[in-house]
Each structure stands twice: as C-alpha cells, then as structure tokens.
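Taking it in order: structure first as structure tokens, then the write-up.
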Amino acid sequence: MSMSDDPFDAERDLSRSGCGCGLHRSPAEHDHAARTLRCEPVVSEEKRYEGIVASAVMRAVFPQDVARRAFLKSVGAATALAALSQFFPLKTATEAFADAGPPEKKDLKIGFIPITCATPIIMAAPLGFYARQGLNVEVVKTAGWAVIRDKTINKEYDAAHMLAPMPIAISLGLGANAIPFTVPAIENINGQGITLAMKHKDRRAPKDWKGMKFAIPFDYSMHNYLLRYYLAEHGLDPDTDVQLRSVPPPEMVANLRADNIDGFLAPDNICQRAIYDGVGFLHILSKEIWDGHPCCSFAASREFITTAPNSFAALTRAIVDATGYAAKAENRKQIAEAIAPANYINAPVTVLEQVLTGTYADGLGGVKTDPKRVDFDPFPWQSFAVWMLTQMKRWGQIKGDVDYRAVAEQVYLATDTKKVMAEMGLTPPPTAYKSFSVMGKSFDPAKPDDYLASFKIRKSS
C-alpha cells in the first residue's frame, strides 16, 4: 500500500502499492512510463503530504475499498474532499505532518549481508523507495555479521541489516560493549532452511546426526536458536552431540562442497544455491519449525534516532513501504531481478526467483510450491524479542534474571512503528504481543520463565 495513491479515485484500489509520483500502480509501471517519457512528477512536496494525510483519513473512514469506491462514485471526489474537510482539519494535519522537517542527513550508508532476508533494504535502493523519502542511501554489501555490528557501532554505517537478535545482544553487551540499539522494522519472516550435503540424503532422521558439523551464520541469530530448538526436540544436545560453527552465509556453500560441514541452517538463497550447484538438498524449511518466525531486522542505534530523528523516520517509512511491496506475490519476480546483481546478492536470478516465488527444486529431484516460503512483514512484535531472550537464557548467553518486557520494549520499537504505519495509511496490530507455536509448543509472552523451565535440554547453569 503506497502513501501516494489517490484516495479520491473511485477506481483506485488502495490496497495496492503505487509509484513515487502517484500516477502509476507500481514502481515497475512508473519505470516503464519514465522510459517512454510519459511520467510527470508530483506538483510539490506539499501536495504529496496532502495525499498522505487524505489517504490516511479515507482509509480510516472507509476501511473497506468497496465502500469507499461506492461513496466516491455517488458524490464525486470534490464533494468527498469538502465533506471530509468539514469534519477533519486536513490542512492542519497536513501542516503538522510536513512539519516533521526534512532529513537532517540525506546521504546515508546502510550495511547488508547478501541474502534474501535483506530484500526490502536492498531493493529500496534500485526501486526508489529511499529516494521517495528524500534520502540518498548507499547500501553496502558486507562480509559478515561481526563486521556489520562493528561498522554500525563505529558509525561507518548509519543503520544496518541485522539478525533479529543482534540489536538485543548489542544492547545487553553480549559479545561487545553495551550500546542501546533498536529495531523499528523486521525484514523478513520465514525464509530459512536446513540444508544437508548430498551424501546424507539417506540420513534424514535427526537422531542419526550425532557427530555432524553444522554451520550457522552467527551466535546471536534465529538460525542458531531454531537449529538448537530443532535438534533438542529430537533428543540431541546441540552443545555436546553435534558441532555448531559460525560461518558467513556467502561462504557456506563452498564449505559444504569442501566437506568442512555436513549441513547448515541458513537463508533460503544459500540453501537454493547449494541445490543449484548440486552439492546439497533441502531437509526442511524453517517455517516447518515455526511458521511466521522473524529472521532479520532493520536496526539503528539510539544515538542515530536522537541526533537525526527525521532521517530515522524517513528511513523507517522507506523500509515499511518496501516491505509492503515485497510482501505482494506479483512483485517477487521483479524484485529478484533487482537484487540479483553483483553489488547486491550476486546470485542467478533463477535462484532468487525460486526463493521469492516459492516454487523451487528441493535437490532430491522434486519441485515444491510454497508461496509463504519467505514473507515480509515489518511489524516488530515485542513477543519475538521475549522469545529470543528465553533462548539466550536457555543456551547460557545470558546469566541471571532478565526483565523480558523491559528489554523487548526498549529494543523493538513497536510504538514508533505503529505511528509510522498509521501515518502511511496502514493498519498496525492493536498490540505488540502475541502468542505462537514452535514445533507444536505454545509460547505465551506473558510467561517466559515458565516456558524456559519447560525444556529438558538446555545449558546447565
């Protein structure tokens, strides 16, 4: 859903993403029009803000597109605008929205790891989502997660693509000095998998994996916690029965080929590349462990928010908008082409299409279809953070008592993101906490200690 859609167009479906100039249904249509010299820019920034505010009001009054279109066809756009203006101060609201001010810093650097989890952050550059917010963003491909962390802490990057638990770990001083970091948006949900070397195609039962070596991207990662969870549920102690090694995702396929590891839990483009190269097969999708789990995040330091609040807000709007665009199945092939080049993911378009469209080879001669293999939802559920904290405690990364709710709410900025989503005409969830199930085991974010105590396999204190 784009902020630029005309809310007074009775033929326009506001549930679809629009282009930056407001004249087209998608960035792709905008680009095509631009190439044929038929695209005219929006008249002024003030008009753009008017559209944003009016769009939000129309969505609030008519949450169903059918009712809005019927109303507009009945009275016309001019009458509808006049009627809204009588009951809601559109001009005052527009001025207030615009008064947020221009970005304090327009030229920004965002670090990313070349994996499909970073899709919204990467595609926001070539598809113009940053530019629409008045930003000139350079997305910088980075070698590994420790490098991402260090460059962001050292302010070489203004913000970064980070594993969802990383900002929690940084804020708590795990693996580095404690520096307050935040998550205004989740990058992706699902989108990972356990891949095994071809020699293990007849060794699918986890109980037979004792002594095997597995790669994970980073200690403070959903990959680490999901793989440990999966192994423990099958009776294996991940600290004694197998070996877990931190390997940067771009190096995992080479390590599998060289027989340095037996398998990995990694982003789907890494899994699919192993299949494409004929060195591995997909054992299980991560969504089969926890359907709807977060993986990566868009992260920034508290200091960046304080010193450049308008830049931060503009970045958040761009990421939320890009994430909404990425969530639509009809945009996935275009996105695969946009993020495939060497300066981004550096992968065959075929590999990325198989990940993003959900129709893929499994490495064992089969072709499977799962459109939700990877999905994109920007809302930073604070219950996600609470679950991660339980796993950090479970595996000895955190010692002593934890104020789960306080940490979750300091790092995962659900309130701020709700505000941004509402300003963009989107409907955020009414609460930042929800229950979910991991391998059939229910998680209640209000009872994290009970959840933690229920595990038989855990690191001894």
Side-chain angles (χ1 to χ4, degrees), residues 113 115 117 143-149 163-166 169 174-176 192-275 277-286 288-290 293 295-296 363 388 390-399 438-439 452 455-461:
I113 300 292
I115 53 179
C117 308
W145 293 111
V147 181
I148 284 273
R149 177 196 62 201
L163 296 157
M166 280 178 65
L174 306 178
Q192 322 301 304
I194 297 177
T195 296
L196 298 178
M198 291 303 298
K199 66 180 182 179
H200 296 307
K201 64 181 180 180
D202 296 320
R203 197 179 177 187
R204 299 291 299 277
K207 64 181 177 62
D208 297 330
W209 293 357
K210 281 191 176 184
M212 287 173 58
K213 299 182 291 290
F214 290 92
I216 53 171
F218 200 60
D219 286 344
Y220 304 105
S221 69
M222 287 297 298
H223 310 81
N224 184 24
Y225 306 141
L226 290 175
L227 182 55
R228 285 173 172 271
Y229 199 109
Y230 182 76
L231 293 169
E233 288 297 299
H234 285 91
L236 296 182
D237 186 325
D239 287 315
T240 59
D241 292 332
V242 300
Q243 294 181 46
L244 300 184
R245 299 178 177 179
S246 290
V247 177
E251 298 175 15
M252 287 184 174
V253 175
N255 274 274
L256 194 67
R257 183 184 291 110
D259 205 27
N260 295 330
I261 55 176
D262 295 286
F264 50 71
L265 198 159
D268 275 346
N269 66 297
I270 307 299
C271 299
Q272 207 62 48
R273 186 58 190 259
I275 294 168
D277 289 355
V279 298
F281 67 92
L282 188 66
H283 170 69
I284 190 174
L285 293 174
S286 62
E288 296 175 73
I289 300 172
W290 170 5
H293 73 81
C295 178
C296 288
M388 293 173 211
T390 67
Q391 301 308 296
M392 289 177 174
K393 279 206 70 174
R394 180 183 185 184
W395 303 115
Q397 292 178 332
I398 297 176
K399 306 291 185 183
V438 184
M439 292 188 72
L452 181 59
F455 296 111
K456 293 181 180 178
I457 298 178
R458 53 187 292 183
K459 202 174 190 75
S460 57
S461 303

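Just so it is clear, the structure is predicted and the values come from calculations on it, not from any experiment.
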Heavy-atom closest contact ([X] atom, [Y] atom, distance):
X	Y	result
Ile457	Ala232	CD1-O, 3.6 Å
Gly193	Leu282	CA-CD1, 4.1 Å
Cys295	Pro165	O-CD, 4.4 Å
Pro267	His223	CD-NE2, 3.8 Å
Ala266	Met252	CB-SD, 3.4 Å
Thr195	Ala274	CG2-CB, 4.1 Å

Qualifying residues under ring-ring contact (aromatic ring centres under 6.0 Å, His included), relative to Tyr229, sequence neighbours excluded: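 With sequence neighbours excluded, Tyr229 shows a ring-ring contact (aromatic ring centres under 6.0 Å, His included) to Phe455, given in chain and number order.
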Out of curiosity, [X] [atom1] to [Y] [atom2], how far, rounded to the nearest 0.5 Å?
X	Y	atom1	atom2	value
Ile270	Leu256	CD1	CG	11.5 Å
Met439	Leu226	CE	CG	10.0 Å
Ile148	Ile113	CD1	CD1	4.5 Å
Ser221	Leu265	OG	CG	8.0 Å
Phe264	Leu244	CZ	CG	14.5 Å

Step-by-step side chain to side chain contact (heavy atoms under 4.5 Å, CB included) determination, Ile289 to Gln192: CA-CA 10 Å; Ile289 300 172; Gln192 322 301 304; over 6 Å; no
Pairs satisfying side-chain hydrogen bond (donor to acceptor under 3.5 Å, both in side chains), at least one member in residues 260-269, at least two apart: Thr116-Asn269, His200-Asp262, Asn255-Asn260, Asp268-Arg373
With [X], which residues qualify under side chain to side chain donor-acceptor pair (under 3.5 Å), at least two apart?
X	result
Arg204	His283
Gln391	Arg394
His293	Ser286

Taking the side chain as every heavy atom from C-beta outward, state whether [X] and [Y] have any pair of such atoms under 4.5 Å apart.
X	Y	result
Tyr230	Pro238	no
Arg458	Lys393	no
Asp241	His234	no

List the atom pairs, with distances to 0.1 Å, where a side-chain N or O of residues 206-220 and a protein N or O form a donor-acceptor pair under 3.5 Å, not counting sequence neighbours.
from   : atom 1 : to     : atom 2 : distance (Å)
Trp209 : NE1    : Arg203 : O      : 2.9
Trp209 : NE1    : Ala205 : O      : 3.4
Asp219 : OD1    : Ser246 : OG     : 3.3

Qualifying residues under salt bridge (Lys or Arg N to Asp or Glu O under 4.0 Å), relative to Asp277, sequence neighbours excluded: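 Result, salt bridge (Lys or Arg N to Asp or Glu O under 4.0 Å) vs Asp277: Arg257, Arg273.
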Set of salt bridge (Lys or Arg N to Asp or Glu O under 4.0 Å) partners for Asp239, sequence neighbours left out: Arg228, Lys459
Heavy-atom donor-acceptor pair, Glu288 side chain to Leu285 backbone, under 3.5 Å: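 Checked: pair present.
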